[in-house]
Amino acid sequence: MTLYLDDLRVRHLGECRYDSPLSEMLTTKQTSPHYVAEGDRVLLEDTVSMLAGHDVPPEQVPSFEAAGPRKKIYFDPSSVTAGILTCGGLCPGLNNVIRGLVQELAVHYKVKRILGFRNGLRGLTSEHRDDTVELTPEHVRDIHNAGGTILGSSRGNQDPDEMVDSLVEHGVDVLFVIGGDGGMRAATCLSNAIEARGLDIAVIGVPKTIDNDLPFTDQSFGFQSAFASAMDFISSVSVEAAASPNGVGLVKLMGRHSGFIAAYAALAANGADIVLIPEIPFALDGPEGLLAYVEQHVRKKGYVVIVLAEGAGQDLLEDADLSHRNGKATDASGNVKLGKIDDLLKERITDHLTAVGLAPTMRYIDPSYAIRSVVANAYDSVYCLRLAHAAAHAAMAGRTEVAVARWRRRFVHVPLSLMTSRRNQVDPDGDLWMSVLETTCQPAEFGVQREGEKVPSGFC
Ligand SMILES: Nc1ncnc2c1ncn2[C@@H]1O[C@H](COP(=O)(O)OP(=O)(O)OP(=O)(O)O)[C@@H](O)[C@H]1O
Ligand SMILES: O=P(O)(O)OC[C@H]1O[C@](O)(CO)[C@@H](O)[C@@H]1O
Ligand SMILES: [Mg+2]
């Protein structure tokens, strides 16, 4: 995907005419390794060869608008009503972002009112629109000490016009949507409906997902806390497998289309022998297949530890015509419900090892919800707070249809259209996967890789 500077420009509601309450703090600021001045921009790409590939002057090279406070802002803070909602699956740090937004908007911008909409987009439907929470610094003081979200979350599409009616009814000027890829699509949809009605409401996305599958962000918040939690389950299963005759330790982790949690948790635990992710198809049978490799491992080492991302090997379920395990159904938001690859693996590994005289002891853990309901760790807590600050500044400066993200360690504004333009996936040719192969010593492929299934390398 070739991107040009114009693809990275963000929408403004209008001219910034009000002095920011933070303007004094900004008078002497200029770009440094630790700060990007408001007129400066952050490069999309970061290697000499990539930059050399653009035959344009430096100011035309693709770059993001820097996030952060502006000297002049669009909204008069004393008349602003802000709205906040969280949608999609849980993710560590949701409460931290809510808390950061409320503190920044209330304490520094001194906005008129902050409303929390309950249970995701459902909170904007006519049926639920009056069930709001008044958010004050006092109300959110301790919420970062708990996992989940004090606002609740949900899946399921809602009518955009009905949702805009709710914003109008509550006099919302700036709306913060904390969500994953679906949430960013919903925010885009809301922005479009707002624009079509000529309304002056800013919509800012704060990207979240434990899957880390959103593009144009170094890592999404909560991801680190989630994989740290997953690491403990890999360690447990390794201890169990090692202590059992022909032990097979199997941990299934979340990750619908992207295997980041599996890859990072396996690296962190540093005890996995095999990591299986959606991005890299594998064969079960044959001399190069997974089963032969598992057997070889059990024979040599006495046990094997496998980390499995839930979205891995979905094609095997289809090939085996296991339609009862691959319902092809979708959830309320339209996300495909995955087949149970863990069941297939348990069955096939047990059958294979038994047939070769190595009847296994299967030790299986599925910690799915346990890893995403944890409290944000120290790193994510800081990250969430800084994203919240960036989001508050973007909204007050009248940016809209934009997400705040950390890109190459700088905080930037990413147009929502880009956030939903592709999926961040583990690149089989990238250095993350290379580290996994170096650590596990597993082969690059189990069986022959099918043509056309290799994910294209990209920006992430
Ligand atoms: N194309 C779309 N247009 C409007 N709304 C959408 C769209 N896609 C998703 N949504 C809505 O956005 C909300 C969040 O989507 P979803 O349930 O897929 O979770 P998510 O934000 O992707 O988070 P995660 O993947 O981390 O669980 C849901 O209410 C969903 O209906
Ligand atoms: O909350 P639900 O609907 O069970 O969704 C689970 C899915 O949500 C995620 O945690 C985030 O999208 C996925 O990893 C997982 O497949
Ligand atoms: Mg999603």
Side-chain angles (χ1 to χ4, degrees), residues 85-94 97 117-125 128 147-149 151-164 166 175-194 203 205-215 217 219-223 225-227 229-230 252-265 277-278 308-312 314 327 329-342 366-374 401 403 416-417 419-426:
L85 64 84
T86 52
C87 57
L90 290 186
C91 174
L94 288 166
V97 176
F117 293 97
R118 287 189 195 273
N119 299 321
L121 302 185
R122 198 184 297 179
L124 289 176
T125 57
H128 297 286
T149 157
L151 295 178
S153 190
S154 69
R155 299 194 189 276
N157 295 329
Q158 310 298 344
D159 177 58
D161 279 317
E162 194 178 325
M163 293 195 284
V164 176
S166 299
L175 177 71
F176 298 93
V177 177
I178 312 172
D181 55 335
M184 296 303 109
R185 283 194 184 90
T188 310
C189 186
L190 269 167
S191 275
N192 293 341
I194 288 166
V203 179
V206 185
K208 69 93 215 180
T209 155
I210 60 161
D211 288 1
N212 197 39
D213 59 358
L214 282 160
T217 174
Q219 271 182 357
S220 41
F221 78 77
F223 167 66
S225 307
F227 83 69
S229 166
K252 185 182 88 164
L253 296 171
M254 283 190 170
R256 269 195 192 119
H257 306 286
S258 303
F260 288 105
I261 301 176
Y264 271 85
I277 59 171
L308 170 69
E310 61 178 340
Q314 292 294 305
T330 53
D331 69 13
S333 297
N335 300 303
V336 172
K337 285 191 179 166
L338 296 169
K340 294 191 129 298
I341 185 66
D342 43 330
D366 172 1
S368 354
Y369 295 109
I371 70 164
R372 69 178 203 187
S373 52
V374 297
E401 224 175 304
L416 283 178
S417 56
M419 269 287 162
T420 54
S421 62
R422 54 166 293 163
R423 182 177 282 137
N424 188 29
Q425 289 190 297
V426 176

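Atoms within a ligand are numbered from 1 in the order they appear, just like the ligands themselves. Everything numeric in this text was worked out from a predicted model, so none of it was measured. Heavy atoms only: backbone and side chains are in, while hydrogens, waters and symmetry mates are out.
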List the closest protein heavy-atom neighbour of [atom]: residue, atom name, distance to the nearest 0.1 Å.
atom: atom 2 (P) of ligand 2; value: Arg155 NH2, 3.6 Å
atom: atom 6 (C) of ligand 2; value: Arg372 NH1, 3.5 Å
atom: atom 11 (C) of ligand 2; value: Asp211 OD2, 3.8 Å
atom: atom 12 (O) of ligand 2; value: Arg256 NH1, 3.4 Å

Check ligand 1 against the protein and report each N/O to N/O distance under 3.5 Å, formatted as atom name, atom name, distance.
| from | atom 1 | to | atom 2 | distance (Å) |
| --- | --- | --- | --- | --- |
| ligand 1 | 10 (N) | Asn157 | OD1 | 3.3 |
| ligand 1 | 10 (N) | Gly182 | O | 3.4 |
| ligand 1 | 12 (O) | Gly182 | O | 3.2 |
| ligand 1 | 17 (O) | Arg155 | NH1 | 2.8 |
| ligand 1 | 17 (O) | Ser333 | OG | 2.6 |
| ligand 1 | 18 (O) | Asn335 | ND2 | 2.9 |
| ligand 1 | 19 (O) | Arg155 | NH1 | 3.2 |
| ligand 1 | 21 (O) | Gly180 | N | 2.8 |
| ligand 1 | 21 (O) | Gly183 | N | 2.8 |
| ligand 1 | 22 (O) | Asp181 | N | 3.3 |
| ligand 1 | 22 (O) | Asp181 | OD1 | 2.5 |
| ligand 1 | 22 (O) | Gly182 | N | 2.7 |
| ligand 1 | 23 (O) | Lys208 | NZ | 3.2 |
| ligand 1 | 26 (O) | Lys208 | NZ | 2.9 |
| ligand 1 | 27 (O) | Gly89 | N | 2.7 |
| ligand 1 | 27 (O) | Arg155 | NH1 | 3.1 |
| ligand 1 | 27 (O) | Arg155 | NH2 | 3.1 |
| ligand 1 | 29 (O) | Gly156 | N | 3.4 |
| ligand 1 | 29 (O) | Gly156 | O | 2.8 |
| ligand 1 | 31 (O) | Gly156 | N | 3.3 |
| ligand 1 | 31 (O) | Gly156 | O | 2.9 |
| ligand 1 | 31 (O) | Asn157 | N | 2.9 |
| ligand 1 | 31 (O) | Asn157 | OD1 | 2.5 |

Open item on the list: Just so I know, are the side chains of Phe117 and Leu175 near enough to count as touching, which here means a heavy-atom distance under 4.5 Å?
Closed with: yes
Open item on the list: Do Met254 and Ile210 make a side-chain contact, defined as non-hydrogen atoms from C-beta onward lying under 4.5 Å apart?
Closed with: yes
Roughly how far, to the nearest 0.5 Å, is [atom2] of [Y] from [atom1] of [X]?
X: Leu124; Y: Asn119; atom1: CG; atom2: CG; result: 11.0 Å
X: Asp213; Y: Ser220; atom1: CG; atom2: OG; result: 7.0 Å
X: Leu253; Y: Glu310; atom1: CG; atom2: CD; result: 9.0 Å
X: His257; Y: Gln425; atom1: NE2; atom2: CD; result: 8.5 Å
X: Asp181; Y: Asn335; atom1: CG; atom2: CG; result: 6.5 Å
X: Leu121; Y: Leu190; atom1: CG; atom2: CG; result: 7.0 Å

TODO: Say whether, by atom type as modelled, one donor and one acceptor occur between the side chain of Thr209 and the main chain of Asp211 under 3.5 angstrom.
DONE: yes
Open item on the list: Using only atom types and a distance under 3.5 Å, with no angle test, would you say the side chain of Thr86 pairs donor to acceptor with the backbone of Gly152?
Closed with: yes
- [ ] Decide side-chain contact (heavy atoms from CB on, under 4.5 Å) for Leu90 and Thr149; before the verdict, give the C-alpha distance in whole Å, the side-chain angles of both, and the deciding distance to 0.1 Å.
- [x] CA-CA 7 Å; Leu90 290 186; Thr149 157; 3.7 Å; yes
What atoms in ligand 2 come closer than 4.0 Å to a heavy atom of [X]?
X: Tyr369; answer: 1 (O), 2 (P), 4 (O)
X: Ile210; answer: 10 (O)
X: Gly255; answer: 14 (O)
X: Glu310; answer: 13 (C), 14 (O), 15 (C), 16 (O)

Open item on the list: With 2.8 Å as the limit, count the protein N, O or S atoms near the Mg ion (ligand 3).
Closed with: 1
- [ ] Give the minimum heavy-atom separation between Val177 and Cys87, together with the two atoms involved.
- [x] CG1-SG, 4.1 Å
Open item on the list: What I want to find out is whether Asp366 reaches Lys340 closely enough, with some N-O distance under 4.0 Å, to be called a salt bridge.
Closed with: no
